2 protein chains.
Amino acid sequence: MARVERAQRGGHSGVSIEDVAAAAGVSTATVSRAVRGLPRVSPATREKILGIAESLGYVASSSASGLATGRTKTIGVLAPFVSRWFFSKAIEGADRELHARQYNLSLFNLGGHGSHRERLFSKTMVYKQIDALLVLCMALTHEEIEHLQKIDIPLVVVGGHVEECPYIGIDDYAAAATAVRHLIGLGHTDIALLHGDDETDLNFDVPRVRIQAFQDVMREARLPVRPEWDEWGDFTVRSGQEAFRRLWARSGPKPTAIFCASDEMAMGVIFEANKAGVQVPEQLSVIGIDDHDFAEAMGLTTVGQQPDEQAELATKMLLDELDGIAGAVQSTVAPHRLIVRRTTAPSHRRPEPSA
Amino acid sequence: MARVERAQRGGHSGVSIEDVAAAAGVSTATVSRAVRGLPRVSPATREKILGIAESLGYVASSSASGLATGRTKTIGVLAPFVSRWFFSKAIEGADRELHARQYNLSLFNLGGHGSHRERLFSKTMVYKQIDALLVLCMALTHEEIEHLQKIDIPLVVVGGHVEECPYIGIDDYAAAATAVRHLIGLGHTDIALLHGDDETDLNFDVPRVRIQAFQDVMREARLPVRPEWDEWGDFTVRSGQEAFRRLWARSGPKPTAIFCASDEMAMGVIFEANKAGVQVPEQLSVIGIDDHDFAEAMGLTTVGQQPDEQAELATKMLLDELDGIAGAVQSTVAPHRLIVRRTTAPSHRRPEPSA
DNA sequence: TTGAAAGCGCTAACAA
DNA sequence: TTGTTAGCGCTTTCAA
């Protein structure tokens, strides 16, 4: 009778491994092996147990198995934002791999929570709740890195470098250089730069590297880098709009092309240029970096990258490492590629052959 | 000496409540009370314990406390996508509230994982790992609803109705009607509809309701609803582009305005119209629904909603319910508002007064 | 105000 | 192949 009662509650919240064991007339150890697909269970008992577990709606308590094994089967994803292209794509990519391997994804969004310094993650959360950590494109303080190393869980950062941490991302220098060379190859000599903000600690050295590449390539081509054409933004559309406005509000000659450190900023520039009656690409060529979801629709020329694949790979490494494959986590350079569309065109100004 | 050894490991992975208790010379029960801020601990001992816990880098194991209390302190967020505007915004909103109340967010992304039917969430995951569930704008099967009700954890769906489930979202009918009336008020009589797909089970009745509103308002104004101007998309930019192309490729007269069931589709229409040389809004007025992040930059007229606030409120209700406030979860209609920008204008065609 | 002790549900040796 | 038996680290009566 007791069994019947239990069976009637089938599917309810409180079905434990003991209920299944009792109903199957075996020990909890056997049930544990059976449901986890471990060896040392006869086909017959396994089948019986699985059937009963199913009908009872048994699901193992993650807290209990987590406590027993020391593994939570979830990995943490640390992101400064979730609603920006790079991050949302990366999250999707990480999720693909996690999902395929039966892991859970715990999201830690650091954006917009007052002071960034309330970086919780060393304290309240993350820690002891996850088996590994995926850091999306954000800087970590020395303190934080140190802390993470102490609790030594596998860690990899995607989309930027953090000293001493394995990372996966494109070669930002090469990608930026490619973009600038494309512009130069089109005959542009008056090229403006819209770089990402260097100030915030969220996007660490990526902006810096892209700026460096711009300057190097310009110098290499013996082209002037004019400080009044050096604008900055925070990778958002709005900041691209503002940058364009500032650029065009200033007196003096205007550039014929602009290299933007992200597609969202490039789009902002284009929207604002449209509004101001500046023709793209006739009067102004615009190139970005990313290959944002909207880039194709807008015809935006860009240097594309795939954050989802980057994060998927990173996640795979993390999980492999957890599976005991030592050295599975390795810094890797992800591919980028120039995608020429309709926002870049030959310069309308006197083509002045370099050198 | 043993204490010294422990202290030296301070910050390491394995610091348990027992380590803290030993170091403080009290029982684990007292440590437990102290670190959780419970009463029945003298100020002196509390302070001492907290100091030691801090210096040892103690963090409670979530598995252990989860097992002991039956609460995981994490809520699940079920989303069909993460990189689309509505969803990423909603996730951010949910996170705000969770973060503020020290809960974790476990993300379950159902998109792109082969067959949608592998809806895992009744089985593998979600269940027993979360204290409550936030469903973002997706349909649930009867089976799934039933299952969720059985394991009865608090549940609320944001952005659409699921029978018998509390939901939070805008009044889709009213929002769509507002958009269409705006067009009609501008003198348009030849209005096309770009509705969301009805087929997929992901976006359930939202598309249907918006279609209905369109038809009702048109009928009310005695305006023709032409089947050849009825297009559909899946809420993405690309589908908006395709819809525009189909619409313009068909022979016969063209509409002077189009109501799109989402901003992303509206943007697709605009991008494609630009490419085809169709002036917006001179030749074609376009209105969407959402107030996407890019809408302002593009000057898109739309009926705005705020998924982040919707999700934040929903999360608050869930957490309140978990806090023992019975009836905290209640269906609520979220606000929408017409935002007139630059993609809608009076009809260029002979204004033909209705009635 | 504090402590002792019994679990929470599962896993993992080790025996049988 | 299966069962027994300790825990895993924390919470929570109940006593003291």
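Per chain, numbering begins at 1; letters A, B, ... match sequence-line order. Side chains are part of it too, since the values below use all heavy atoms of this structure and drop only hydrogens, waters and symmetry mates. Because the structure is predicted, anything quoted here is derived from the model rather than measured.
Counting non-hydrogen atoms under 4.0 angstrom, A:V26 reaches the backbone sugars and phosphates but no base. Using a 4.0 Å heavy-atom distance criterion, B:R33 is classed as a base contact. Heavy atoms of B:A60 sit under 4.0 angstrom from primed sugar atoms or phosphate atoms, though from no base atom. Using a 4.0 Å heavy-atom cutoff across all strands shown, B:T45 reaches sugar-phosphate atoms only and no base atom.
Rounded to whole Å, atom C1' of D:dT11 lies 10 Å from atom CG of B:L38. Between B:K128 atom NZ and C:dG9 atom P there is a gap of 8 Å when expressed in whole angstrom units. D:dG9 atom P lies 15 Å from atom CD of A:Q129, rounded to whole Å. Counting to the nearest Å, the P atom of C:dT11 and the CZ atom of A:R71 are 14 Å from each other. Per the geometry, NZ belonging to B:K48 stands 17 Å off P belonging to C:dT1, to the nearest Å.
A:S32 and A:R36 form a side-chain donor-acceptor contact under 3.5 Å, judged by distance and modelled atom types alone. Using a 3.5 Å distance cut-off with no hydrogens or angles, the side chains of A:Q129 and A:T72 do not pair a donor with an acceptor.
Distance from the side chain of B:I17 is smallest to D:dT11 among C:dC10, D:dT11, D:dT12. Here the nucleotide nearest the side chain of B:S42, chosen from C:dT2, D:dT12, C:dT11, is C:dT2. Comparing atom distances between the B:T28 side chain and each of C:dT11, C:dA5, D:dG9 picks out C:dA5 as nearest.
For the OP1/OP2 pair of C:dG3 and a distance below 4.0 Å, the side-chain nitrogens and oxygens of B:S27 include at least one atom meeting the criterion. When the side-chain nitrogen and oxygen atoms of B:R40 are compared with OP1 and OP2 of C:dT2, none of them lie within a distance under 4.0 Å. A:S32 has a side-chain polar atom (N or O) that falls below the 4.0 Å cut-off from OP1 or OP2 of C:dT11. Considering only side-chain N and O atoms, A:R36 lies under 4.0 angstrom from the phosphate OP1 or OP2 of C:dA12. Proximity of B:S61 to the phosphate of D:dC10: no side-chain N or O atom is located under 4.0 Å from OP1 or OP2. For A:S16, no side-chain nitrogen or oxygen approaches OP1 or OP2 of C:dC8 to under 4.0 Å.
B:F81 carries B:R84 over the face of its six-membered ring, with the cationic atom under 6.0 Å from the centre and within 45° of the normal.
Between A:R96 and A:E92 there is no salt bridge, since no side-chain N of the basic residue sits under 4.0 Å from a carboxylate O of the acidic one. Salt-bridge check for A:K316 with A:E312: failed, with every basic side-chain N at 4.0 Å or more from each acidic carboxylate O.
Nearest-nucleotide mapping onto DNA chain D: of A:P43 and A:A29, the residue sitting toward the 5' end is A:P43. Each of B:R46 and B:L67 lies near DNA chain C, and the nucleotide nearest B:R46 is the one positioned closer to the 5' end.
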